[in-house]
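The shown structure was predicted, so the numbers you read here are calculated from the model rather than taken from an experiment.
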Amino acid sequence: MTFRNALLFGAAFLSGIMAAPGVVSTVGATGVLIPAAHAEAAPSTPAQDSGNHAETYRLLTLFGSIFDLVRANYVEPVSDRELITNALNGMLSGLDPHSSYMTEKQYADMQVQTSGKFGGLGLEVQGEDGHVRVVSPIDGTPAWKAGIKPGDYIVAIDGHNIDGSPLNDAVEKMRGKPDTKITLTIIRAKTTKPIIVTLTREIIRIEAVKAELYDKTGYIRIPQFTEDTAEELRKAYAELKHKAGGKLTGGLVLDLRNDPGGLLTQAIDVSSFFIPSGEIVSTRARHPKDSQRWDAKGTDATDGLPIVVLINGGSASASEIVSGALQDHHRAVLIGTKSFGKGSVQTIMPIPGNGAVRLTTARYYTPSGRSIQGLGIAPDIVVKESREDPVFSIREADLSHILKNQGGNQTKPPARNDLPALSASIPHEPPANWPTFDITKPATDFQLQEGLRLVRSMAGVPAPDPVASLPPAPTTTPAKNEASH
């Protein structure tokens, strides 16, 4: 039996709707993949065993009694499978926000997600007190094209209210065959009326990477860590170098904003693409022999190219591992806003014929030994997307009964004395006359523009200030004879 490591975030249900991001160590192959160490109990005396077993039997008898009461007296008939599935979900979700039971279909959907191809709308959603909240639309998908934003609440599907419904039910309703239409009713902060959008479901193909060349400065965006990410990164970087005439003299911007995570193996490979040696990430489990460490593979494919990494509150799990490793090794400068803060590892344990269990089995730590659980990765330079408070405000620390941050040797990244001189003058938010952010127009992306300016200065090439090219801010003259209120 072999274990396959991956990072997924939240209660992952797919179908073009994806559950919110999170860190997961998944196991592949068939069979019930539970490491022997996980099944071992601490040594105990015969008297203790007898007492523990007696208490366990008493509680199982209680469960059976309640099961019989519900089956016999609930207002509507309920199948045994539904009752047991609900009980399993309750047992696991009561531990922490990221442990859960998956039915066969949900498990199959999760496996499809990591391949980068699945059907639906292209939304990552999360349950929040009975509401369905959008974590992020996936680049290029129907949800993205329709303008759905992080922080939006989906309150109705095809005119039917879903507020208060279980997340699973809402996700099932949003699933459907490609080329079929669906209407979502959305509540958005600071918008007085509900927003109604009609989308057409389609097969979602997550682009492993996106790449652009901005005057010999490379830009690579990783929307999610799928099976092809590291390979596509290598191809994209080679193509950018070719377009730039053999060398990216203006450095590289790596965009991990709103990247919910994906496969751990890919996070390690992506980190190793830039870091020549040393630790990338480590995990610490309940049983020490299950703890692991992954090191860089000995080569920096960019040969020390200056790098700036963009992160925000939607950067989670695999993207936090990459940004944390690059930050700890002083291999890149991070700008943006604090990341999500998902620092635990889940193991997917398939149960043949009955889905799988997603169980939190470890915490992970950055190369400097810090845990970002509930804290997130703090950027080296804070740069907000807009002057307004971000709509996306849910992070790991806001979820119920999260794991404690413990086991790390520190909570802050190693001190940096290598930040470029320009970093002190980078504004933390756009000026008042900055154009409204439009995801399809890079010139309106303040974080990206400041990232390009910073990395160019690190590379020693001219770095024009994007704010300097703006038209003068409009001035307002108070009207005469107006009464103040």
Next item on the list: Let me see the working for Thr283 and Ser291 under side-chain hydrogen bond (donor to acceptor under 3.5 Å, both in side chains), right down to the final yes or no.
Entry: CA-CA 5 Å; Thr283 61; Ser291 299; 5.7 Å; no

Next item on the list: Under the side chain to side chain contact (heavy atoms under 4.5 Å, CB included) rule, what do Leu326 and Leu254 come out as? Steps first, then yes or no, please.
Entry: CA-CA 11 Å; Leu326 291 172; Leu254 180 65; 4.2 Å; yes

Checklist line | Residue pair Arg133, Asp152: steps toward the salt bridge (charged side-chain N to carboxylate O under 4.0 Å, His left out) verdict | finding: CA-CA 6 Å; Arg133 184 185 180 101; Asp152 285 349; over 6 Å; no

Notebook entry, point to check: Which is it for Ile377 and Ile311 under the side chain to side chain contact (heavy atoms under 4.5 Å, CB included) test, yes or no, and what are the steps along the way?
Noted result: CA-CA 9 Å; Ile377 300 285; Ile311 61 171; 4.0 Å; yes

Check: Going through the checks in order, is the salt bridge (charged side-chain N to carboxylate O under 4.0 Å, His left out) test met by Lys173 and Asp158?
Finding: CA-CA 9 Å; Lys173 287 181 174 68; Asp158 291 332; over 6 Å; no

Notebook entry, point to check: Which is it for Glu450 and His428 under the side-chain hydrogen bond (donor to acceptor under 3.5 Å, both in side chains) test, yes or no, and what are the steps along the way?
Noted result: CA-CA 10 Å; Glu450 290 298 330; His428 295 322; over 6 Å; no

Next item on the list: Let me see the working for Glu239 and Lys235 under salt bridge (charged side-chain N to carboxylate O under 4.0 Å, His left out), right down to the final yes or no.
Entry: CA-CA 6 Å; Glu239 185 175 348; Lys235 292 179 181 177; over 6 Å; no

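In this structure, the separation between CZ on Phe340 and CG on Asp398 is 8.0 Å, given to the nearest 0.5 Å. Separating the CG atom in Asn312 from the CD atom in Gln447 is a distance of 6.5 Å, to the nearest 0.5 Å. Separating the CG atom in Leu92 from the NE2 atom in His98 is a distance of 13.5 Å, to the nearest 0.5 Å. Within the model, atoms OG of Ser368 and NZ of Lys412 stand 13.0 Å from one another, a figure rounded to the nearest 0.5 Å. To the nearest 0.5 Å, the span separating CZ on Arg257 from CD1 on Ile335 amounts to 8.5 Å. Within the model, atoms CG of Asn258 and CD1 of Ile222 stand 14.0 Å from one another, a figure rounded to the nearest 0.5 Å.
In this structure, Asp438 places its CG atom where more than 12 heavy-atom neighbours from other residues, nucleotides or ligands lie under 6.0 Å away. With a 6.0 Å radius and a threshold of 12 heavy atoms from other residues, nucleotides or ligands, Glu429 has its CD atom above the threshold. Taking a 6.0 Å sphere around NZ of Lys338, one finds it holds 12 or fewer heavy atoms contributed by other residues, nucleotides or ligands.
A distance-only check finds no donor-acceptor pair linking the side chain of Glu396 to the backbone of Ala316 [under 3.5 Å]. Not a single donor-acceptor pair under 3.5 Å links the side chain of Asp255 to the backbone N or O of Ile220. Without hydrogens or angle criteria, Thr217 side chain to Gly250 main chain gives a donor-acceptor distance under 3.5 Å. With Thr229 contributing its side chain and Gln224 its backbone, the two residues share a donor-acceptor pair below 3.5 Å. The backbone N or O of Leu256 lies less than 3.5 Å from a partner atom in the side chain of Ser315, making a donor-acceptor pair. Of the possible donor and acceptor atoms, none in the side chain of Thr200 sits under 3.5 Å from a partner among the backbone N and O of Lys181. Using a distance-only test at 3.5 Å, with no hydrogens or angles considered, a donor-acceptor pair links the side chain of Gln373 to the main chain of Gly343. Of the possible donor and acceptor atoms, one in the side chain of Arg387 sits under 3.5 Å from a partner among the backbone N and O of Pro430. Of the possible donor and acceptor atoms, none in the side chain of Ser99 sits under 3.5 Å from a partner among the backbone N and O of Asp96. The backbone N or O of Asp259 lies less than 3.5 Å from a partner atom in the side chain of Ser319, making a donor-acceptor pair.
Residues Gln327 and Pro413 share a closest heavy-atom pair of OE1-CB, 3.6 Å. Of all heavy-atom pairs spanning Pro260 and Pro223, the tightest one is CD-O, 3.3 Å. Here the shortest heavy-atom pairing between Met102 and Arg358 reads SD-NH2, 3.3 Å. Of all heavy-atom pairs spanning Asp290 and Ala285, the tightest one is CB-CB, 3.8 Å. Annotation for Arg416 and Ala332: closest pair NH1-O, 2.6 Å, computed over non-hydrogen atoms.
Between Phe446 and Glu385, every side-chain heavy-atom pair lies at or beyond the 4.5 Å cut-off. Contact annotation: the side chain of Tyr153 never approaches that of Val134 to less than 4.5 Å [non-hydrogen atoms, C-beta and beyond]. Between Pro97 and His401 the shortest side-chain heavy-atom distance falls below 4.5 Å. By the 4.5 Å heavy-atom criterion applied to side chains, Val209 and Arg221 are not counted as neighbours. Residues Arg201 and Pro142 form no side-chain contact, since every pair of their non-hydrogen atoms from C-beta on lies 4.5 Å or further apart. Between Ile186 and Ile196 there is no side-chain heavy-atom pair separated by less than 4.5 Å. Proximity of Ile182 to Ile157: side-chain heavy atoms (C-beta onward) are separated by under 4.5 Å at one or more points. With a 4.5 Å cut-off on side-chain heavy atoms, Ile381 and Val333 count as touching.
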For residues 270-282, which side-chain N or O atoms pair as donor and acceptor with protein atoms under 3.5 Å away, sequence neighbours left out?
residue: Ser271; atom: OG; partner: Ala267; partner atom: O; Å: 2.9
residue: Ser272; atom: OG; partner: Ile268; partner atom: O; Å: 2.9
residue: Glu279; atom: OE1; partner: Arg293; partner atom: NH1; Å: 3.3
residue: Glu279; atom: OE2; partner: Ser282; partner atom: OG; Å: 3.3

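A cation-pi arrangement is absent between Lys441 and Trp434, since the terminal nitrogen or guanidinium carbon is not both under 6.0 Å from the aromatic centre and inside a 45° cone about the axis. Taking the ring centre of Tyr365 as origin, the terminal cationic atom of Arg284 falls inside the region bounded by 6.0 Å and 45° from the ring axis.
For the residue pair Thr198 and Thr183, a side-chain donor N or O sits within less than 3.5 Å of a side-chain acceptor on the partner. Using a 3.5 Å distance cut-off with no hydrogens or angles, the side chains of Thr366 and Asp328 do pair a donor with an acceptor. Counted by atom type alone, Asp300 and Thr302 present one or more donor-acceptor pairs between their side chains at under 3.5 Å. Donor-acceptor pairing under 3.5 Å is lacking for the side chains of Lys342 and Ser317.
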